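In what follows, a structure is listed as C-alpha cells, so that the remarks can point back to it.
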Amino acid sequence: MIITGKSSLRLLHVFLLVVLAYLNPALALSSSGVGDAKTIRCTERERQALLEFKEGVMDDFGSLSSWGTTEEEEDLNDCCNWKGVQCSNHNTTSYVTMVDLSYRALGGGLRGKISSSLLELHHLRYLDLSGNGLYGEIPRQFSNLSNLRHLDLGFNDMLSSENLEWLSCLSLLSHLDLSMVELSKATGWVHSMNNLPLLKELHLSRCSLPDISPPSSFRFNSSVSLSILDLSSNSLSNSIFNWLFNVSSSLAYIDLGGNELKGSIPNAFGGMGSLTNLSLYGNQLDSLPKSFANSSHLQSLDLSGNNLTEELHEFLQKLSGAENSLQRLALDRNRLRGPLPDFTRFSLLRELYLCKNLLSGPFPKNIGNLPSLYYLSLFRNQITGSFPDLSAFPSLEYLLLQNNQLNGTIDRSIGQLHKLQYFSCAFNSLKDTISEARFSNLSNLWYLDLCSNALTLNFSSDWVPPFQLGAIKLASCKLGPHFPKWLRTQNKFFVLDISSNGIKGNIPSWFWDLSPGLNYLNLSHNQINGLLPDLSLRFKLYPGIDLSYNLLTGPIPLVPPTVVSLNLSKNKFVGSLSFLCALAEEWLIYLDLSNNQLLGELPYCLSQFKKLTIISLSYNNLFGEIPLSIGSLQQIRTLNLRNNNLTGEVPFSLQRCMMLSTIDLSGNRFTGIVPTWLGTHLTSLIVLILRSNEFKGSIPQQICHLHHIQILDFSQNHLSGNIPPCFSNFSALVESKNSDATTSFDYRAYFDGPYDDGTYVANAFVQWKGEEQEYSKNLGLLKTIDLSSNRLSGNIPDQVWSLAGLHSLNLSRNTLTGKIIQEIGRMKMLESLDLSANRLSGEIPGSLAHLNFLSVLNLSSNNLSGKIPISTQLQSFNASAYSSNPKLCGVPLPNKCPGEEETTESPNTARAKDKNIQEDDDSSITQGFYLTMGLGFFFGFWGVFGTIIINSQSRHGFFMFLNHITDWIYVTIALNWARLQRRL
C-alpha cells in the first residue's frame with residue numbers, strides 16, 4: 001500500500017488531534033469542521049438534548065440561530081457546527097464535550113430556565129452558561145455529568161440551589177463558578193467543596209452564603225490544587241478563617257471582600273508562601289499583622305473600606321517583605337493618618353489607592369521614584385501645601401487629587417506626563433493662570449476636572465488642543481466673559497461643566513452641534529441670556545441638563561424625551577409645563593423649574609414619571625389643584641410647591657408617596673383640614689411646611705406619628721382647637737443630640753456612560769429668630785415648631801416642654817391660655833421662644849433662666865404677672881420682650897415690683913458722698929502701706945518661684961498645673977465656638 005504525501009499529512013493531523021484530546025479535554029474540538037465535516041456527526045440524542053435546551057430559553061439576540069432543525073440544512077443539522085458547541089473526534093462519532101453559551105461567547109443573553117435535557121450530554125467536560133438571564137433551581141441531576149471539569153453558572157439573574165450535595169459527584173471539577181447563585185439555604189456548602197479534590201478555582205461571590213458551622217462540625221480536606229478562591233460579598237464572619245487556612249496549601253488568589261470580618265487580620269495570611277493577591281475590602285478589619293513582612297510574593301493587596309487607623313508609614317513597614325513584588329495597593333476608605341511617606345522601596349508599584357483617608361501634611365519632596373506607577377488616587381484627604389512635582393511618575397495615566405487642601409499653582413511637571421488620561425484636582429485652593437502651553441504635550445488627556453479652584457484659563461481663541469476630551473469639568477474657573485472658542489475643537493465630550501465661569505451673553509449657535517455624544521451639560525450660575533433652541537435632538541440618551549441661575553427667557557423648549565435630570569431654576573422662563581408630557585415615562589428623576597414665571601396647571605402626565613425623586617416648582621404662577629395622579633410618584637422624596645397660587649385640598653393620593661421626607665406647600669391657597677394621613681402614612685417626613693395657606697380645623701392627633709420630624713410649620717392658617725398633647729412622640733425633637741437625618745439626596749445626574757451622581761440639597765424658608773430665612777445645607781440641622789398666627793386655644797400641653805432638642809418654638813398670635821410651667825427649663829437647646837399675643841397667665845418660671853442658648857425671647861401681650869426672674873440672660877433682653885403684660889414687673893421693665901426700694905438722692909449729695917469715700921481711701925495709703933506691699937511681693941514671689949527653681953518635683957507639678965489650665969481654656973473655647981457655629 002502506497003501512502004501519498006497528502007494522505008500522510010492527513011493521518012498526522014488526525015494523530016495530533018487524538019493526542020491533544022487526550023492531553024487536554026478542552027482542546028478536543030473538531031466542531032468547526034477539522035477534516036471532513038460530513039464524517040463528523042454528534043449523536044441524535046445529544047442533538048435533541050441541545051434543541052430541547054434551546055426551546056426552553058428566550059434568545060432575544062438570535063445567538064442560537066445556527067442551531068438548525070431541518071434535514072435539508074446539513075451543516076446546521078450537525079450540532080458540532082453550532083455556535084458555542086464543541087465536540088470530541090473519535091472515528092466517525094463525535095460527542096459534545098464543550099458548551100459555551102456565556103454572554104461573552106454569544107455576544108447576547110439568554111433568558112429562561114436551565115433544561116434538564118443537558119444531562120444527556122454524558123461526555124460534557126466544559127459547561128459555561130454565565131452572564132445570562134437564567135433563573136430557577138439548578139437541576140440536581142447535574143450530578144450525572146461526572147466528566148465535567150469546568151462549570152460556570154455565575155452572574156445570572158435568579159438561579160438558586162437549596163443545597164450543593166450534587167457537586168459531590170463531580171469529583172473531576174477543576175473550575176467552579178456559581179457567583180450570584182442564591183445559596184442562602186446551602187448550609188453544607190463547605191462539605192461540598194471539601195469533596196472536590198482537584199478543584200483549582202472556586203468562585204462563590206454574591207451568593208448569600210450562610211456562615212459556616214463551628215470548626216468541630218466539619219472535616220478538613222486539605223488540597224494542593226486550589227489556588228483561586230473568591231467568596232466576596234457574602235455575609236461571612238471570622239469563622240471562615242478556620243476553613244480557609246486548612247483548605248489548601250497553595251492558595252495564590254483570595255477574595256473575601258464585602259463580608260463581615262472584624263478585628264485584626266489573622267497572622268496566618270502572612271504565612272501563605274504562595275499568596276500573590278489578597279482582597280479583604282469592605283469589612284471591619286482594623287490592623288495588619290507584622291507577619292505580612294514574610295509575604296515576599298504579594299503582588300496585590302486590597303484593604304479598602306475597613307477601619308484601619310494607624311499612621312501610613314507604620315502600616316507600610318509591615319509590608320517590607322513585598323517591596324520587590326507589590327504592584328497594587330488599595331487602602332482607600334479607611335482612617336489612615338499621618339503624612340505621605342516615601343514609596344521608593346516599592347519600585348514595582350503600578351496602582352496606589354489612598355483616597356478617603358485622614359492623610360495630612362504636604363507632599364514630601366522625595367515621595368519616591370515610581371517609574372511604573374500609572375494610577376494614583378489621593379482624593380478626599382487633608383493634604384496641604386503646594387502641588388507636587390510629578391516628574392517621578394513618568395508612566396502616570398490616572399491622577400486624582402480632588403478634595404484636598406492644596407494651594408499655589410499647578411506644577412509645570414504636569415506637562416511631562418505624556419500618558420496622562422485622567423486628571424482631577426477639583427475642590428482645592430489652587431490659584432493659577434494656566435495657558436495652553438501647560439497642556440501642549442498631553443495628547444492622551446481624556447478627563448479634565450479643575451472645578452472649584454481659583455484658576456484662570458488663559459487660552460487663545462485660535463488654540464487647537466492636542467487632545468479630544470470626553471469630560472470637561474471647569475466649574476468655578478474663570479473662562480468668561482465670552483463663550484470659550486477652543487471648545488469648537490472638541491467634538492467627543494460627553495460631559496461639559498462650565499458653571500460659575502462668569503460667561504455672559506447668548507450661547508453661540510455652533511455650540512449645540514459640537515458633540516453628538518453629549519450626556520451631561522451644566523452651564524449654571526452664569527449670566528447667559530436669550531432663547532434656547534429645540535434641545536430634543538441635541539443630546540445622547542438619558543442626559544442631564546443644568547442651566548439654572550442664568551437670564552434665559554422665553555418658553556421652555558422641547559428637551560430630550562429620555563432626560564434624567566432637568567434643572568432650569570432661577571431664570572425667566574415663561575409658558576406652561578405642557579412640554580413635560582412629551583417626555584418618556586421612565587427616566588426623569590430630578591425636576592427643578594423653580595423661580596421662573598411659569599403659568600398654568602400642574603399637568604396630569606406627572607404620573608408617568610415613576611422614578612421621579614425630586615420636584616421643585618416653587619416661586620412660579622401655577623394655579624389649580626394638585627392632580628390626583630401625583631400619588632403614582634412613589635419614589636418621590638422632595639415636593640416643593642412653595643409660593644404659587646395652587647388651590648383645593650391636598651390630594652389623598654399623596655399618602656401613597658411614603659418615601660417623602662420634605663414637603664413645602666407654603667404660600668398657596670390650599671383649603672380643607674390638615675390630612676390625618678400625613679402622620680400615619682408619610683412617617684419618613686423630616687420637613688413639613690404648610691405655612692400661609694387656608695387650612696382650617698384642628699391639628700390632627702395622628703401628626704404625632706412623625707417621629708423623624710424636625711421642621712413643623714403650620715403657621716398663618718385658620719387652625720383652631722387645642723394643641724395635641726402628644727408632641728413628646730416627636731423623637732427627633734426630644735433628643736438633644738444632633739440628628740443624623742439629611743435633607744440632601746444623591747441622584748443619578750445622567751445614565752449611559754461614566755457618570756457622576758448629583759446631589760440635591762433641599763431648601764426652605766424658615767421663621768428663625770423672628771425673621772424668615774432661607775436654609776439649604778443646614779436645613780437638616782434645624783429643629784423648629786411654628787404654629788403661630790392661627791386660632792389655637794387651650795393650655796400649652798406639658799409634652800411641648802419635653803422637646804429637649806428643639807431650637808425654636810413659635811406659638812405666638814393665638815388664643816392660648818394657662819401658665820408657662822417650670823418644665824420649660826428642660827428645653828436645653830432652645831434658642832428662640834415666641835409666646836407673644838396669647839392669653840397666658842401666671843409667673844415666668846425661674847427655670848427659663850437656665851436656657852443658656854436662648855437668644856430670642858418674646859413674651860409680650862399676655863397676662864403674665866409677678867417679677868421677672870433675675871438672671872444675666874433674662875435681663876439682657878429688651879423690655880419689649882415683656883411688654884403689654886400689665887402685672888409683670890422687674891428689670892428690664894421700667895415698673896418696679898412691690899417692696900423694691902427706690903433711692904432719690906440728689907446729684908450733689910451723691911457727689912459729696914463719693915468725695916468723702918475717695919478721701920477715706922486715700923488716707924489709708926501711707927508710706928508703711930507701700931513698704932508692706934514691697935516686702936509682701938518680694939517674699940511671695942521668691943517663696944513660690946524659688947521653690948520651683950530649686951525643687952524639681954515642685955517645678956514639674958507647677959508646669960503640669962499650667963498645662964491643665966491651658967487645656968481647659970482651649971476646650972472651653974472650642975466648645976463655645978462649635979455652639980456659636982451651630983447657632984449661626
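The shown structure was predicted, so the numbers you read here are calculated from the model rather than taken from an experiment.
Aromatic ring centroids of W446 and Y398 lie 6.0 Å or more apart.
The side-chain heavy atoms of N640 and T662, taken from C-beta on, include no pair separated by under 4.5 Å. Residues P543 and T562 have side chains in contact (heavy-atom distance under 4.5 Å, counting atoms from C-beta outward). Residues I410 and N453 form no side-chain contact, since every pair of their non-hydrogen atoms from C-beta on lies 4.5 Å or further apart. With contacts defined as side-chain heavy-atom distances shorter than 4.5 Å, the pair R333/Y353 does not qualify. Side chains of L378 and F363 form a contact here, defined as non-hydrogen atoms less than 4.5 Å apart. L577 has its side chain out of reach of L606: every pair of non-hydrogen atoms, C-beta onward, lies at least 4.5 Å apart. Using a 4.5 Å heavy-atom cutoff, the side chains of L541 and W587 are not in contact. Within the 4.5 Å cutoff, the side chain of N550 has no heavy atoms near those of the N529 side chain.
Taking the six-membered ring where the residue is Trp, W463 and F459 present tilted rings, their angle falling between 30° and 60°. Relative orientation of the F61 and Y103 rings is perpendicular, given thresholds of 30° and 60° on the angle between their planes. In this pair, Y422 and Y447 present their aromatic rings parallel. The plane angle is below 30°, not in the 30 to 60° band.
Checked against K473 for a side-chain contact (heavy atoms from CB on, under 4.5 Å), the options C451, S424, S452 give a single hit: C451.
Of the possible donor and acceptor atoms, one in the side chain of N428 sits under 3.5 Å from a partner among the backbone N and O of N404. Judged by distance alone, with hydrogens and angles left aside, the side-chain atoms of N595 form no donor-acceptor pair with the main-chain N or O of Y619 at under 3.5 Å. Judged by distance alone, with hydrogens and angles left aside, the side-chain atoms of N501 form a donor-acceptor pair with the main-chain N or O of L474 at under 3.5 Å. A donor-acceptor pair under 3.5 Å links the side-chain atoms of N644 to the main chain of L617, judged by distance alone. Side chain of D411 to backbone of S413: a donor-acceptor contact under 3.5 angstrom is found. Side chain of D255 to main chain of G257: a donor-acceptor pair is present (N/O by atom type, distance under 3.5 Å, no hydrogens or angles). The main-chain N or O of L598 is found under 3.5 Å from a side-chain atom of N620 such that the two form a donor-acceptor pair. Looking at N444, its side chain never comes within 3.5 Å of a backbone N or O of Q421 through a donor-acceptor pair. Between the S461 side chain and the K485 main chain, no donor and acceptor come within less than 3.5 Å of each other. Using a distance-only test at 3.5 Å, with no hydrogens or angles considered, no donor-acceptor pair links the side chain of N441 to the main chain of L417.
The CD1 atom of I589 sits 13.0 Å away from atom CD1 of I636, with the distance rounded to the nearest 0.5 Å. Atom OG of residue S594 and atom CG of residue N643 lie 11.0 Å apart, to the nearest 0.5 angstrom. Atom CG of residue L496 and atom CG of residue L514 lie 9.0 Å apart, to the nearest 0.5 angstrom. Taken from CD in Q490 to CD in Q468, the straight-line distance is 4.5 Å, to the nearest 0.5 Å. T638 contributes atom OG1, which lies 7.5 Å from atom CG of L660 (distance to the nearest 0.5 angstrom). Atom CG in L568 sits 8.0 Å away from atom CG in L552 (nearest 0.5 Å).
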Candidate pair L532 and I507, rule side-chain contact (heavy atoms from CB on, under 4.5 Å), full reasoning: CA-CA 8 Å; L532 289 178; I507 301 174; 4.3 Å; yes
Pair C605-C581, disulfide bond (SG atoms under 2.5 Å apart): steps then yes or no: CA-CA 6 Å; C605 64; C581 297; 2.1 Å; yes
Steps toward side-chain contact (heavy atoms from CB on, under 4.5 Å) verdict (L340, L359): CA-CA 7 Å; L340 288 170; L359 302 177; 3.9 Å; yes
CA sep, side-chain torsions, deciding dist, call: L448, F439, side-chain contact (heavy atoms from CB on, under 4.5 Å): CA-CA 11 Å; L448 177 63; F439 297 108; 4.2 Å; yes
Derivation of the side-chain contact (heavy atoms from CB on, under 4.5 Å) call for L521 and W512: CA-CA 11 Å; L521 175 65; W512 297 111; 3.8 Å; yes
Test side-chain hydrogen bond (donor to acceptor under 3.5 Å, both in side chains) applied to N458 and T456, step by step: CA-CA 6 Å; N458 188 16; T456 299; over 6 Å; no
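By the 6.0 Å contact criterion, NE2 on H313 is enclosed, its count of non-hydrogen atoms from other residues, nucleotides or ligands being greater than 12. In the displayed structure, R642 atom CZ is contacted under 6.0 Å by more than 12 heavy atoms of other residues, nucleotides or ligands.
Shown here are the side chain to side chain contact (heavy atoms under 4.5 Å, CB included) partners of R412, two or more places apart in sequence or in another chain: R438.
Smallest separation of non-hydrogen atoms from L551 and K572: CD2-CE, 4.5 Å. Considering every non-hydrogen atom in both S372 and L348, the closest pair reads CB-O, 4.3 Å. Looking at every heavy atom in both residues, L612 comes nearest to Y590 through CD1-N, 3.9 Å. Shortest non-hydrogen contact noted between A582 and L558 is CB-CD2, 4.4 Å. Taking every heavy atom of both residues into account, L316 and R345 meet most closely at CB-NH2, 3.5 Å. Across all their heavy atoms, P484 and W510 have their closest contact at O-CH2, 3.7 Å.
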